[in-house]
Each structure stands twice: as C-alpha cells, then as structure tokens.
There are 2 protein chains.
Amino acid sequence: MRSAEFDRSHVLEQAMHTFMEHGYAKASMQKLTQATGLHPGSIYCAFGSKKGLFIEAVSYYHQQKLLAFEALFSDDQAVLASLKQLLANTVQECVQNTCAKVCLLTRSLNEIEGQDPEIAQLLATNLQQIEHSLGEQIARAQRQGEAISDEAPLALARFITMGIYGMRTYAFTNADQNILEQMSAQLLRAIQKH
Amino acid sequence: MRSAEFDRSHVLEQAMHTFMEHGYAKASMQKLTQATGLHPGSIYCAFGSKKGLFIEAVSYYHQQKLLAFEALFSDDQAVLASLKQLLANTVQECVQNTCAKVCLLTRSLNEIEGQDPEIAQLLATNLQQIEHSLGEQIARAQRQGEAISDEAPLALARFITMGIYGMRTYAFTNADQNILEQMSAQLLRAIQKH
DNA sequence: GATATACTTGAATGTTCATTCAAGAGTCCT
DNA sequence: AGGACTCTTGAATGAACATTCAAGTATATC
C-alpha cells in the first residue's frame with residue numbers, strides 16, 4: 001500500500017482556478033499539470049480524464065458556493081438583508097480583475113452549450129439547486145412578514161437568479177461597480193412590496 | 001481579372017451558424033469549410049484567419065440584430081409595446097432547439113473572457129450599441145408619456161439588457177417557455193410606472 | 001486566341017492537444 | 001530485510017488542429 005501524495009482539495013482548487021481563468025476548452029492539460037503540480041499520469045489516475053477533472057472541479061466550486069450561501073442566509077437575520085448582501089458580493093466578484101470575476105457554472109454553461117449534454121446537465125442541476133435554496137429563503141421572508149412581493153417564492157427566486165446571471169454577462173461588457181450596484185438595487189426593488 | 005465565385009453574405013451566414021452551434025473554439029476549420037463550402041485556402045484568402053472570419057461573422061450577426069431592432073421600434077408604435085415584443089421574440093429564440101437559441105454575442109463573450117481582448121472588445125461594443133439604442137427608445141417613451149418609470153433612460157435600458165442576458169443563460173438551465181414569459185413580464189413590470 | 005492576372009484547390013506542414021504506459025520509486029506487511 | 005503492491009514519472013503516441021503554398025483553373029483584356 002501507498003497513499004496518494006497530493007492533497008485532493010488543493011489539486012481541485014488549482015484546477016478550478018485554471019478552468020475559471022481559461023474556460024474548459026482552453027484549459028489545456030499542460031496548463032492543468034502546471035497549476036496542480038501533478039503529472040499527466042497522476043491526473044488520469046485520479047480523475048480519469050480532463051472531463052472527469054472538470055466535473056470534480058465544478059462540484060468543488062458548487063460546494064463552496066453552497067456553503068457561502070448557507071452562511072449568508074443564517075436563520076437569525078432578515079432574508080432581504082442577506083439577499084442584499086448576496087447581490088453586493090456578486091458585484092464585488094464581477095469587478096475583480098482576477099478569475100474570481102467569473103462564475104464557473106454560468107460561464108461553462110455558455111461555453112459547453114450544444115457540446116456535452118452530461119456536463120450541461122451537471123451545471124444546470126447545480127445552478128437549480130442554488131435557485132431552489134433561494135426560493136426557500138424567499139418563502140421564509142414571506143412567512144416572516146418582510147416587505148417582499150407575494151408572488152410565488154420560486155418565481156421570485158428565478159427572477160433574482162436570472163438577474164445574477166445577467167449581471168455576470170453584463171459585467172463582461174462593462175465592469176463598472178456603480179452600474180452593477182444600481183442593477184442590484186433595481187432587482188431588489190422589483191421583488192419588494194410596494 | 002476574375003471575380004470571387006462565392007457569395008460573401010452566404011458564406012458569413014453559414015459561418016455564423018457554425019459559430020453559434022459550436023462556439024468559437026470548437027468550430028474547427030474543418031466544420032467551417034464544410035458549412036461554407038469554401039476550401040481552407042479560400043477562407044484564408046478572403047478572411048485572413050479563423051479569427052478574421054469570426055469577427056466578420058459576428059459583425060454580420062450584429063448587423064442583422066440591429067436591423068431587426070430598428071424594424072421593431074418603428075416610430076409609429078408605443079415603445080412599451082415594442083419592448084414587450086422584443087422580449088417575446090427573445091423567449092421564442094431561447095426555446096428553439098436549433099442554434100437560433102443562442103445569442104452569438106453573449107455566448108462568445110462568456111467563452112472568450114480572458115482569452116482575446118480584441119474580440120471581447122468587439123463583442124462588448126456591439127452589445128453596448130444595442131443597449132444604447134434601447135436607451136433612446138426608452139427616452140422617447142418617457143417623452144411620449146407612456147407608463148414607464150422616470151429613472152434615467154440608460155439605467156432602464158441597462159436593466160432590460162441585463163435581463164435579456166440573464167434570460168439567455170437561464171434558458172440553458174431550463175428552457176421552459178412559461179417561465180421565460182413570466183420573467184419577461186417581471187422585467188417589464190419593474191420598469192413601468194406604479 | 002494568346003497572355004496576364006487573378007482565384008481555387010486540397011494535400012502538406014508543423015504545432016498543440018489529450019491520453020497512455022512502461023519504468024522507476026516509495027510504502028507497508030510479514 | 002524482503003517482497004508485494006501501488007503510486008509517480010515524463011517521454012511517447014496519435015489524433016486534431018490552424019495554416020500555408022505550389023499547382024491548377026477560370027476569366028478578362030488585347
């Protein structure tokens with residue numbers, strides 16, 4: 001017996017960054033071996049293929065985003081306040097000049113369209129999971145009597161989700177913090193009671 | 001002398017479809033020669049490179065979208081009605097099962113990020129031009145006293161633009177016509193006077 | 001119809017890519 | 001300490017890629 005020498009989390013973290021920076025197609029195995037410090041053989045032994053590594057990197061990214069989401073929407077805080085913070089965090093990501101500016105899920109979904117249904121399905125499922133969690137939080141806000149529209153919680157969650165996707169693409173054309181903050185405010189206003 | 005044997009518009013139309021279907025990276029020269037009927041040498045003679053062909057195909061796409069936009073927002077119609085139609089058309093595109101479901105500009109913008117600043121700039125400029133035209137129309141709506149918010153026209157145009165980007169990415173996770181129509185309605189409501 | 005001037009053709013080029021594998025090295029159990 | 005097992009290494013492989021170019025072909029002018 002002999003245990004693997006590398007730290008799987010660390011490798012996935014680096015691979016994730018590489019995919020975020022270059023996209024799926026342009027993240028060559030050469031870039032991935034450099035970023036992870038692993039040799040090709042080790043990657044293929046541990047993950048089967050470039051696609052396998054990508055799938056695990058995506059899952060790793062998704063896991064991180066889910067944890068951040070749950071931390072943000074802790075039970076002892078107004079949902080609308082958490083939502084506002086979620087949008088503020090998204091804006092902060094978008095105006096970064098690092099690979100942190102992209103959402104691995106939405107970017108890859110755009111890239112992969114029409115190419116690999118299995119990856120597309122994984123990305124869609126992950127995104128829908130966050131959308132669903134958001135729906136639960138919005139339902140809670142309504143129960144708690146927060147100043148939020150009484151439309152179906154899922155419809156409101158979809159709207160905010162769509163808004164975040166839109167802001168991310170918009171930021172590629174114009175990463176202006178003021179503009180993105182204004183959009184966030186418009187999105188929030190649209191789901192508030194008036 | 002001898003004139004070129006192929007119809008440039010027809011070639012660009014086919015190349016555009018190929019890029020819409022496969023994305024930039026995965027639209028190989030082989031696929032492009034098959035789709036256009038041109039031999040590699042002819043493409044390089046007429047467009048210089050794959051990137052040159054892509055840039056012209058993007059411009060061709062943009063031109064088409066601009067014409068469609070101007071036709072939709074003819075002066076003798078309420079702006080809000082045209083806007084509603086614009087969103088309805090977008091939904092129709094998104095639920096298609098052909099390459100017509102993608103916006104070449106937004107899809108490529110997501111794919112190209114961090115790879116080619118020249119292409120990114122072209123895509124951003126094209127998208128901003130449509131956003132700007134939309135702003136002018138919204139300003140006209142305000143002057144004509146339509147039931148539209150009195151926020152800055154550009155801010156409203158940005159919001160709708162962002163919404164369309166968002167719907168396009170959202171449709172990749174769930175191309176449900178009812179849901180997309182509901183989002184359109186939410187977007188419209190958000191910029192109306194109340 | 002001869003000649004010059006293009007455009008067309010598609011095989012060849014060299015690069016880059018994902019992937020494999022046999023040799024080497026480390027670890028554990030007896 | 002020896003042997004068995006597994007992980008690591010990185011050069012080798014073959015496919016796919018964008019691009020080139022010399023030969024071939026059509027057109028126009030004189």
Novice: How long is the line joining CG of B/Leu38 and P of C/dT8, in whole Å?
Specialist: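 Answer to the nearest Å: 7 Å.
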
Novice: Does the pair A/Lys31/A/Glu21 count as a salt bridge with the N-to-O cut at 4.0 Å?
Specialist: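 Salt bridge absent between A/Lys31 and A/Glu21.
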
Novice: Going by heavy atoms in the side chains, are B/Leu127 and A/Tyr170 under 4.5 Å from each other?
Specialist: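 When only atoms from C-beta onward are counted, A/Tyr170 and B/Leu127 do not touch, as no gap falls below 4.5 Å.
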
Novice: Check the distance between D/dC17's C1' and B/Tyr24's OH and give it to me in whole angstrom.
Specialist: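 Nearest whole value for this atom pair: 12 Å.
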
Novice: Please give, in whole Å, the distance from D/dT8 P to A/His39 NE2?
Specialist: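 For the pair A/His39 NE2 and D/dT8 P, the rounded distance is 10 Å.
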
Novice: Rounded to whole Å, please give me the gap between CE in B/Met29 and P in C/dT16.
Specialist: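 The distance from CE of B/Met29 to P of C/dT16 comes to 18 Å, rounded to the nearest Å.
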
Novice: Tell me which of B/Gly41 and A/Cys45 sits closer to the 5' end of DNA chain D, going by the nucleotide each one is nearest to.
Specialist: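 Here A/Cys45 is the residue nearer the 5' end.
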
Novice: Any side-chain donor paired with an acceptor under 3.5 Å for B/Arg158 and A/Gln186?
Specialist: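 No.
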
Novice: Whole angstroms only, please: what is the CD-C1' distance between B/Gln34 and D/dC17?
Specialist: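 Nearest whole value for this atom pair: 14 Å.
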
Novice: Would you say the side-chain atoms of B/Asn89 and B/Glu93 include a donor-acceptor pair closer than 3.5 Å?
Specialist: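 No pair is found: no donor N or O on one side chain lies under 3.5 Å from an acceptor on the other.
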
Novice: Report yes if at least one side-chain N or O of A/Gln30 is closer than 4.0 Å to OP1 or OP2 of C/dA18; otherwise report no.
Specialist: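 Negative; the distance criterion is not met.
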
Novice: Contact class for A/Ala27 (heavy atom, under 4.0 Å): base, sugar-phosphate, or nothing?
Specialist: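 Sugar-phosphate, backbone atoms only, no base.
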
Novice: Which whole-number value in Å describes the distance from A/Lys50 NZ to C/dC17 P?
Specialist: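 So the two atoms are 9 Å apart, to the nearest Å.
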
Novice: Quick check on D/dT20: is either OP1 or OP2 less than 4.0 Å from any side-chain nitrogen or oxygen of B/Tyr44?
Specialist: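 It does not, given that no N or O in the side chain of B/Tyr44 lies less than 4.0 Å from OP1 or OP2 of D/dT20.
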
Novice: Measure NE2/A/His22 against C1'/C/dA18 and give the value in whole Å, please.
Specialist: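 Going from NE2 in A/His22 over to C1' in C/dA18 covers 17 Å.
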
Novice: A/Phe47 CZ to D/dC7 C1': how many Å, rounded?
Specialist: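 Distance, rounded to whole Å: 14 Å.
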
Novice: Within the 4.0 Å heavy-atom criterion, would you say B/Ser42 contacts the bases, only the backbone, or no part of the nucleic acid?
Specialist: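 Base contact - B/Ser42 has a heavy atom under 4.0 Å of at least one base atom.
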
